[in-house]
Colleague: 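For reference, the structure I am asking about is given below.
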Amino acid sequence: LITADEVAYAGGVYNQINKGYWLHTNKEYWTMSPYSYYGGTNVFFVHSNGYPSYYYPSNSYGLRPVINLKSDTTFTVEKEEEPKGTSSNPYIVQ
């Protein structure tokens, strides 16, 4: 799962609406980062408005899986003239 640090690195700022970064999806989703353990566990999540916050993990928010790649990873496609990252012209990770 994505971490709160990765959300912050991408542009998420705690309790500040941000609809202009790539992690904004109009949906709430959990991170794997704990916020506190006082009186129960609270976990960071990304609000539908794009800002990170925290809540007790009881709501039906989504999950955001991530894959971390080495910095020298390259991406190519077979058909440069067509839309990239589609089922007919997927990215090739090398």
Colleague: Among residues at least two apart in sequence or on other chains, which ones pass salt bridge (Lys or Arg N to Asp or Glu O under 4.0 Å) with Glu82?
Modeller: none
Colleague: Tell me every residue that passes side-chain contact (heavy atoms from CB on, under 4.5 Å) with Ile92, counting only those two or more places apart in sequence or in another chain.
Modeller: Thr76, Glu78, Gln94
Colleague: Return the CZ to CE distance between Phe44 and Met32, rounded to the nearest 0.5 Å.
Modeller: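 Between atom CZ of Phe44 and atom CE of Met32 there are 13.5 Å.
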Colleague: To the nearest 0.5 Å, what is the distance between OH on Tyr37 and CG on Asn42?
Modeller: 10.5 Å
Colleague: Among side-chain atoms of Ser48 and Asn26, is any donor-acceptor pair under 3.5 angstrom?
Modeller: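 No pair is found: no donor N or O on one side chain lies under 3.5 Å from an acceptor on the other.
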Colleague: By ring-ring contact (aromatic ring centres under 6.0 Å, His included), which residues pair with Tyr29, not counting sequence neighbours?
Modeller: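 In terms of ring-ring contact (aromatic ring centres under 6.0 Å, His included), with neighbours along the sequence ignored, Tyr29 is linked to no residue.
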Colleague: Rounded to the nearest 0.5 Å, what separates atom NZ in Lys27 from atom OH in Tyr61?
Modeller: 13.5 Å
Colleague: Holding to side chain to side chain donor-acceptor pair (under 3.5 Å), I want the full list of residues that pass it with Thr25, two or more places apart in sequence or in another chain.
Modeller: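 Result, side chain to side chain donor-acceptor pair (under 3.5 Å) vs Thr25: none returned.
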Colleague: Less than 3.5 Å apart, which donor and acceptor atoms pair up between the side chains of residues 6-20 and the rest of the protein, not counting sequence neighbours?
Modeller:
unit_1: Glu6; atom_1: OE1; unit_2: Thr3; atom_2: N; d: 2.9
unit_1: Glu6; atom_1: OE1; unit_2: Thr3; atom_2: OG1; d: 3.4
unit_1: Asn15; atom_1: OD1; unit_2: Ser53; atom_2: OG; d: 3.3
unit_1: Asn18; atom_1: OD1; unit_2: Gly20; atom_2: N; d: 2.9
unit_1: Asn18; atom_1: ND2; unit_2: Gly11; atom_2: O; d: 2.9

Colleague: Quick one: sort the Phe45 and His47 rings into parallel, tilted or perpendicular, breaks at 30° and 60°.
Modeller: tilted
Colleague: Decide whether Val46 and Trp30 are clustered together by the hydrophobic rule: side chain heavy atoms of Ile, Leu, Val, Met, Phe, Trp, Tyr closer than 4.5 Å, transitively.
Modeller: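 No, it is not one cluster - the side chains of Val46 and Trp30 are not joined through contacts under 4.5 Å.
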Colleague: Using a side-chain heavy atom cutoff under 4.5 Å and only I, L, V, M, F, W and Y, what cluster partners does Phe75 have?
Modeller: Ile67, Leu69, Val77, Tyr91, Val93
Colleague: Test of understanding: clusters of I, L, V, M, F, W, Y form through side-chain heavy atoms closer than 4.5 Å, transitively. Do Leu63 and Val43 belong to the same one?
Modeller: yes
